[in-house]
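Proteins come first, then strands; the chains are lettered A, B, ... in the order of their sequence lines, and each starts at number 1. Just so we're clear, the structure is a prediction, and the values are computed from it rather than from any experiment.
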There are 2 protein chains.
Amino acid sequence: MVGDDLDTRILDAAKRCCEQWGVAKVTIDDIVAASGASRATIYRLFPGGKDVLFEALRVRELTDFFDVLTAAVSAGGDGDGEPDDVESLIVRLVTTATAELRNDQHLAIMLATAPGETLGQLTVEGLPRIIRVAADYLVPLVKPHIEPLDPALLIDLLVRLTISYFLAPSDLVDLGDPRSARAVLRPALHAYLNGHPTAC
Amino acid sequence: MVGDDLDTRILDAAKRCCEQWGVAKVTIDDIVAASGASRATIYRLFPGGKDVLFEALRVRELTDFFDVLTAAVSAGGDGDGEPDDVESLIVRLVTTATAELRNDQHLAIMLATAPGETLGQLTVEGLPRIIRVAADYLVPLVKPHIEPLDPALLIDLLVRLTISYFLAPSDLVDLGDPRSARAVLRPALHAYLNGHPTAC
DNA sequence: GACGCTGAGACGGTTTTCGTCTTATCGTCT
DNA sequence: AGACGATAAGACGAAAACCGTCTCAGCGTC
């Protein structure tokens, strides 16, 4: 932790400050105090101040998330020689992502201490980026299985569903459970693959 | 909750703000927004601003605490006709107070989100007031049993012990457990009653 | 209708925060 | 050793946030 890069140290400090006070209440000086870096250094590494810094933090959190997700999904291929069918791949993506969200300590704290800010990042301002990064990571994974259809649309849909069921769990569906996830996704997925993208 | 007194509404709002951001980061405008009261009203009810307001909040929390404590201890008198011996009374006080501290949701949140501030209120700046209020409530309870000794000294001691064991539980003592509490308190109590206030 | 209480918010003064800049220190490379 | 880049510390003026007070309008009560 101590020997990390300077920018990592600063982002970690910003993350801690965030958890304590919420983005809105954190000042650059708080991050200076928490990171041990000097004000000048912070502005050199993140020119633009708080906005740029927290933007960088969000990007890092997001890529970390998808690094873990893709690693877990790739490693978890059952036989790991023969690729599974699309449906199994999708189910594994969704269930793993759901589990990762539910285990995310930082996210839980942020939702508890600054629900407004955090919900915004998950559902409004932040959603386009989430979908973009998700596409970067996951399109290559699913594309070979569903060509020639557009994989980006599928990912877009899955991201929205996963986040919605994470934020507001349903009595009828549990996307953390492979059985339930498969039951929900199968019809939509087949419709999609047969050229009838789900209504909406 | 809505029909409460204005000052109660404002103090409740201040409490919520506190839990979210810690006293240091809360502004009058935050409390205005959270309470629905206007800035003018807040300054009229708490002339002096944030300091006075949070002071009032601490006093309220404190008196609430001891209201609950004395009610529980009084009601919990085993036969409730014949008064117990001093030792049993003291043990009941300490165990009940410990349980109340451990169940205090607000206190737990404050200790988690603003440990520095909160610890200060429990151990340094705030301790004199805690002891003073404790004395107001508890001296009448114990005085009849230990006259002609000074009950204030005993209360002072018990407050400090209870807070210390709450903040830093020991492997050897559990002041939430009557058996353990009695074992710890009996020797000190007897020494005190026999005119040898515990060394220190 | 007069009166008191309250919410809304304007206002100037103060404090905090920002973003830049300078200086001193430290480690590294030559 | 000496030059150099990176960094911590913190000074500085400008901008923003915050404070405490004040006015005013709305609303219920007498």
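Atom CZ of Phe46(B) and atom C1' of dT21(D) are 18 Å apart (whole Å). A straight line from CG of Asp30(A) to C1' of dT16(C) spans 11 Å, rounded to a whole angstrom. Atom NZ in Lys25(A) sits about 13 Å away from atom C1' in dT17(C), given to the nearest Å. Protein atom CG of Asp5(B) is 13 Å distant from nucleotide atom C1' of dC5(C), rounded to whole Å. Leu45(A) places its CG atom 17 Å from the P atom of dG5(D), with the value rounded to the nearest Å. Computed from coordinates, the Asp29(A) CG to dT16(C) P distance equals 11 Å when rounded to whole Å. For Lys50(A) and dG19(C), the NZ to P distance is 9 Å, given to the nearest whole Å. The separation between Ile28(A) atom CD1 and dA17(D) atom C1' is 16 Å, rounded to whole Å.
Here Ala40(B) lies in heavy-atom contact (under 4.0 Å) with a base.
Within 6.0 Å of NZ on Lys143(A) lie no more than 12 heavy atoms contributed by other residues, nucleotides or ligands.
Defined by atom type and a distance below 3.5 Å, a donor-acceptor pair is present between the side-chain atoms of Ser38(B) and Thr41(B). Counting only N and O atoms by type, the side chains of Tyr165(B) and Asp174(B) include no donor and acceptor under 3.5 Å apart.
Nearest nucleotide to the Tyr43(B) side chain, out of dG20(D), dC18(C), dA8(D): dG20(D).
Test Thr70(B), Leu107(B), Leu101(B), Ile130(B) against Phe65(B) for side-chain contact (heavy atoms from CB on, under 4.5 Å) and you get one pass: Leu101(B).
Here Ser38(B) does not reach the OP1 or OP2 of dA8(C): none of its side-chain N or O atoms lies under 4.0 Å away. Between dG7(C) and Arg9(B), a contact under 4.0 Å exists linking OP1 or OP2 to a side-chain N or O.
Residue Arg39(A) places no side-chain atom within donor-acceptor reach of the base of dG10(D), judged by atom type and a 3.5 Å distance cut-off alone.
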